[in-house]
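The sequence lines fix the lettering, A, B, ..., with proteins before strands; numbering per chain opens at 1.
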There are 2 protein chains.
Amino acid sequence: MSDLLERLRERGWRLTAQRRVVAEVLDGDHVHLTADEVHARAARRLPEISRATVYNTLGEMVSIGEVIEVATDGRAKRYDPNAHRAHQHLVCAGCGTIRDVHPTGDPLAALPDTERFGFAVSAVEVTYRGLCPDCRSAG
Amino acid sequence: MSDLLERLRERGWRLTAQRRVVAEVLDGDHVHLTADEVHARAARRLPEISRATVYNTLGEMVSIGEVIEVATDGRAKRYDPNAHRAHQHLVCAGCGTIRDVHPTGDPLAALPDTERFGFAVSAVEVTYRGLCPDCRSAG
DNA sequence: TCCTACAATGGACTGCGTCTAAGTCAAGAT
DNA sequence: ATCTTGACTTAGACGCAGTCCATTGTAGGA
């Protein structure tokens with residue numbers, strides 16, 4: 001039983017087979033999957049699971065902060081189950097893979113008050129872009 | 001005549017009425033428009049301009065580095081003509097407006113070699129998120 | 001076991017963007 | 001000034017990611 005499922009149960013979630021499978025897919029693997037990839041893996045265990053349910057479940061997990069949604073350019077969003085630890089992302093411009101990285105310092109502190117224009121700034125995302133080793137050698 | 005058009009001409013671009021209008025729309029106003037907003041404004045001057053042309057022209061400007069494409073979550077991409085000066089973005093979580101901001105320090109330097117995993121890191125985007133003054137008071 | 005509110009289904013639908021085939025036109029050649 | 005040609009534009013079909021909705025199913029309490 002995963003920690004993720006424990007935490008969901010504590011929030012009073014009804015524990016359905018679909019939610020269990022989606023949570024297991026996210027929990028098992030620490031790559032960053034798209035919603036369709038999550039659906040495909042979930043369907044291996046529970047063939048009749050629908051896309052809408054996967055979207056709903058992912059959306060709920062995101063809204064309670066168990067999972068982070070990573071929007072990469074024009075492509076599909078990816079879902080990052082590593083929400084408990086502050087981190088940023090390194091995206092390959094060639095193939096779209098994402099790695100978690102941990103820069104030094106606090107990026108929020110780099111934005112002076114004079115540059116905040118009255119906004120209540122609550123979060124900062126840093127995305128590093130480049131080519132992964134495979135895409136570098138593939139040219 | 002805008003600087004932008006000058007630079008495009010120097011690259012051997014055929015100067016069509018459509019491209020001129022798209023460049024003028026971007027050049028005139030320094031808010032960050034979506035492709036459809038660019039199309040709407042361009043169509044005020046050149047009613048028969050097509051969406052495809054606006055997308056093509058924007059894409060070409062992005063690929064030669066005259067304009068920056070800003071992907072904001074699930075919504076439409078926005079286009080930022082302020083490509084000549086390094087800057088980052090401050091996005092309102094309520095209404096989606098974007099402001100250019102200038103944080104202190106070099107965010108690329110914050111990523112140590114041990115966190116680069118063999119990637120050739122070439123760029124970094126920093127997106128600050130929060131609520132703008134209007135959305136704060138609107139609750 | 002039965003009830004009921006919550007969850008899942010699947011198919012239609014929307015928004016954003018891309019593609020294609022055919023027509024048009026800017027700009028160099030004559 | 002006119003011709004020529006290949007780059008550009010057009011309209012609309014298409015595709016993907018994601019949402020919505022009416023219906024059906026079911027977890028978990030009484």
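- The nearest whole Å value for the distance from the CZ atom in Arg78(B) to the C1' atom in dG15(C) is 14 Å.
- Of all non-hydrogen atoms in Arg78(B) and Glu37(B), the two that sit nearest each other are NH1-OE1, 3.8 Å.
- In terms of position along DNA chain D, the nucleotide closest to Tyr79(A) lies nearer the 5' end than the nucleotide closest to the other residue of the pair Trp13(A) and Tyr79(A).
- One can place CG of Asp36(B) at 10 Å from P of dG15(C), the figure rounded to the nearest angstrom.
- Side-chain contact between Leu8(B) and Arg19(B): absent, with no pair of heavy atoms (C-beta onward) separated by less than 4.5 Å.
- Between Asp100(B) and His32(B), the side chains place a donor N or O and an acceptor N or O closer than 3.5 Å (distance only, hydrogens not considered).
- Across the protein-nucleic acid pair, His39(B) atom NE2 and dT9(D) atom C1' stand 12 Å apart, rounded to whole Å.
- Considering every non-hydrogen atom in both Pro107(B) and Val124(B), the closest pair reads CG-CG1, 3.8 Å.
- No side-chain heavy atom of Phe119(B) sits less than 4.5 Å from a side-chain heavy atom of Leu111(B).
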What are the atom names and distances for every N/O pair under 3.5 Å that joins the protein to nucleotides 8-12 of chain C?
residue	atom	partner	partner atom	Å
dA8(C)	OP1	Thr16(A)	OG1	2.8
dA8(C)	O3'	Gln18(A)	NE2	2.8
dT9(C)	OP1	Gln18(A)	NE2	3.3
dT9(C)	OP1	Glu48(A)	O	3.0
dT9(C)	OP2	Ser50(A)	N	2.9
dT9(C)	OP2	Ser50(A)	OG	3.2
dT9(C)	OP2	Thr53(A)	OG1	2.7

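- In this entry the distance linking CE of Met61(B) with P of dC8(D) reads 12 Å, nearest Å.
- Rounded to whole Å, the distance from CD on Glu69(B) to C1' on dC16(C) is 12 Å.
- Tyr79(B) places none of its side-chain heavy atoms less than 4.5 Å from the side chain of Met61(B).
- Side-chain contact between Thr57(A) and Gln18(A) is absent, with no heavy-atom pair separated by less than 4.5 Å.
- Listed by first residue number, the stems of DNA chain D with at least three Watson-Crick or G-U pairs below 3.5 Å are C:1-30 with D:1-30.
- Rounded to whole Å, atom P of dG17(C) lies 13 Å from atom CG of Leu33(B).
- Taking 3.5 Å as the limit, the base of dC6(C) and the side chain of Arg14(A) contain a donor-acceptor pair of atoms between them.
- If you take CD of Glu37(B) and C1' of dG17(C), they are 15 Å apart, rounded to a whole angstrom.
- In this structure, CG of Leu15(B) is placed 17 Å from P of dA7(D), rounded to the nearest angstrom.
- In terms of phosphate contacts, Tyr55(A) brings no side-chain nitrogen or oxygen within less than 4.0 Å of OP1 or OP2 of dT19(D).
- Residues Asp36(B) and Arg51(B) meet the side-chain proximity criterion, which asks for heavy atoms closer than 4.5 Å.
- Between Ile49(B) and Val22(B) the shortest side-chain heavy-atom distance falls below 4.5 Å.
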